[in-house]
Amino acid sequence: MSVFRTINEVEYADARRTVMVLGCGRGGTSALAGGLRELGVAMPNAHPLKHEWSPVGPGENPDFRAIRRNIGQINQEHRIWGWKSPRDVFLADQILPMLTNPVVFIVVRNIVDVSESMMRHSVTEFEIGFNEAVKAYESVGKFINETIYPALVVSYEKLLDDPTAFFEFASAWSGINAGEEKVEAAAKFVSGDVTYKKVSSELRDLSFSRTELDRDQVNSFRATYPVFISAYARSVSAAEDDIKNLYVQLKHHRDRLFVAAKERCDAIGINLDPSIIYQFSELDRNIFSEVLDLRLAYEHRKHEDDAQSLDENAGESQPADVPVPQTVTEEEYELARLYHKSYLKARQNFIDIKKQRQKLQRDIDDIIEKQLMIAEAK
């Protein structure tokens, strides 16, 4: 079985290429990007271990004029170049027309493995990792279905099984046309230990980059958890409305059942214990207060930290290709743990309230069944 699948053919007249690596975070994009660097694809400004960078730049609102300038500058410096940034899948359709002879490499990994990798390396809960992977691959699928550009799709698991076959084909198909030695170097890169590692041409001391990987764990909480906690808050609010309606139904059926059952029992001389029908749990109306308090505390601390960071970095500039050495402080970890605790509490409360809603529905079903039995007995 093939380890790769092509979408559209490469039909460019000249040898220039711009490579874009897409996929899901923790889905094998670093391994593929590192292999492509060994194959001869220049990735200027890339992180030396994660091989990640993007001309899109940071932030939620991309500046497309700046992106075009970044691309134009690198075009002047490199004949074959590219980058890897999983989040750029959401902007691929807007960026690709700016590129010279673009070819897209897409790596896809088993979603369960992606989620477990997020748990190990980013301390991200399995449920969040799974949800994020599904969203990313949904965008990848949309891109594959609609793109007019040449793309090569590879299974991460099968890439590891036969990296030489993949990079031989990738080199010829894309027009990179690397020699045998570079193909062997690319295959070697994705063989054996598949953790973050540098390419053979990297000569710098990378101890500071390891610290940046630690920072990724903290940033995962800041970037991802607020969305899910807000979603849980909305879900709990909707669930509370459902439970209020269920209480109305429960009271209605319970009262009808009690009257009918009492009449039946009185007729045959049996005393009916009302507690048999009136047993059901009460809703904790303050179920989310602790979670929201934790979230507000975190947001306040984060706002102060961000403001302080902006003041400290004002007027400073760093070359784009040299990551800034930073230390992850215990305070940052504590803030991340605070949000993590808030998320776990939110999730548990949501599960508890869903269980309560299910119990109320079962109570109503039981009452209706008892009414039917009483009616049949008459």
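- A salt bridge does not link K135 with E138: every distance from a Lys NZ or Arg NE/NH1/NH2 to an Asp or Glu carboxylate oxygen is 4.0 Å or more.
- Here the CG-CD distance, from D88 to Q94, works out to 10.5 Å after rounding to the nearest 0.5 Å.
- Between the side chain of S115 and the backbone N or O of I111 there is at least one donor-acceptor pair closer than 3.5 Å.
- Note that the CZ atom of F105 and the OG1 atom of T29 stand 14.0 Å from one another [nearest 0.5 Å].
- At a threshold of 4.5 Å between non-hydrogen side-chain atoms, the residues V19 and S174 do not count as touching.
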Test log, rule side chain to side chain contact (heavy atoms under 4.5 Å, CB included), inputs F167 and V190: CA-CA 10 Å; F167 284 113; V190 300; 3.9 Å; yes
Mind running side chain to side chain contact (heavy atoms under 4.5 Å, CB included) on W81 and I71 for me, showing each step along the way? CA-CA 10 Å; W81 70 278; I71 292 171; 4.0 Å; yes
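- Contact record, S117 with R26: OG-NE, 2.9 Å, taken as the closest heavy-atom pair.
- Two residues are said to be in side-chain contact when any heavy atoms from C-beta on lie closer than 4.5 Å; L96 and F143 meet this criterion.
- Between F130 and V114, every side-chain heavy-atom pair lies at or beyond the 4.5 Å cut-off.
- Y12 contributes a side-chain N or O that, together with a main-chain N or O of P102, makes up a donor-acceptor pair within less than 3.5 Å.
- When atom types are taken as modelled, the side chain of K84 and the backbone of K50 share a donor-acceptor pair closer than 3.5 angstrom.
- A heavy-atom distance below 4.5 Å is found between the side chains of I67 and P62.
- Considering all non-hydrogen atoms of both residues, P150 and V10 come closest at CB-CG2, 3.7 Å.
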Stepwise side chain to side chain contact (heavy atoms under 4.5 Å, CB included) test for L36 and H51: CA-CA 10 Å; L36 289 171; H51 315 290; over 6 Å; no
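- The OG atom of S171 sits 9.0 Å away from atom NZ of K182, with the distance rounded to the nearest 0.5 Å.
- For the pair V21 and W83, the minimum side-chain heavy-atom distance is 4.5 Å or more.
- Using a 4.5 Å cut-off on side-chain heavy atoms (C-beta onward), V103 and L152 make no contact.
- Not a single donor-acceptor pair under 3.5 Å links the side chain of S139 to the backbone N or O of F90.
- The side-chain heavy atoms of R109 and Y137, taken from C-beta on, include a pair separated by under 4.5 Å.
- Atom CG of N70 and atom CZ of R65 lie 13.0 Å apart (nearest 0.5 Å).
- H47 NE2 to W53 CH2: the interatomic distance, rounded to the nearest 0.5 Å, is 15.0 Å.
- Closest approach of A186 and G35 over heavy atoms only: CB-O, 3.2 Å.
- Ring orientation note: the planes of F4 and F169 are close to parallel, at an angle under 30° on the 30°/60° scale.
- The closest side-chain heavy-atom distance from M98 to F64 is below 4.5 Å.
- Considering every non-hydrogen atom in both V199 and G34, the closest pair reads CG1-O, 3.7 Å.
- Judged purely by atom type and a 3.5 angstrom limit, E157 uses its side chain to pair as donor or acceptor with the backbone of N110.
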Before you tell me yes or no, could you show the steps for I106 and V89 under side chain to side chain contact (heavy atoms under 4.5 Å, CB included), namely the whole-Å CA-CA distance, both residues' side-chain angles and the distance that decides it to 0.1 Å? CA-CA 10 Å; I106 300 170; V89 66; over 6 Å; no
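- The backbone N or O of Q76 sits nowhere less than 3.5 Å from a side-chain atom of R79 that would complete a donor-acceptor pair.
- The 12-atom threshold is not exceeded at CD of E180, counting heavy atoms of other residues, nucleotides or ligands nearer than 6.0 Å.
- Scanning both residues, G82 and P44, for their nearest heavy atoms gives O-CD, 4.4 Å.
- Within the model, atoms CD1 of I128 and CE of M118 stand 10.0 Å from one another, a figure rounded to the nearest 0.5 Å.
- Residue E181 qualifies as open at atom CD: its count of foreign heavy atoms under 6.0 Å is 12 or below.
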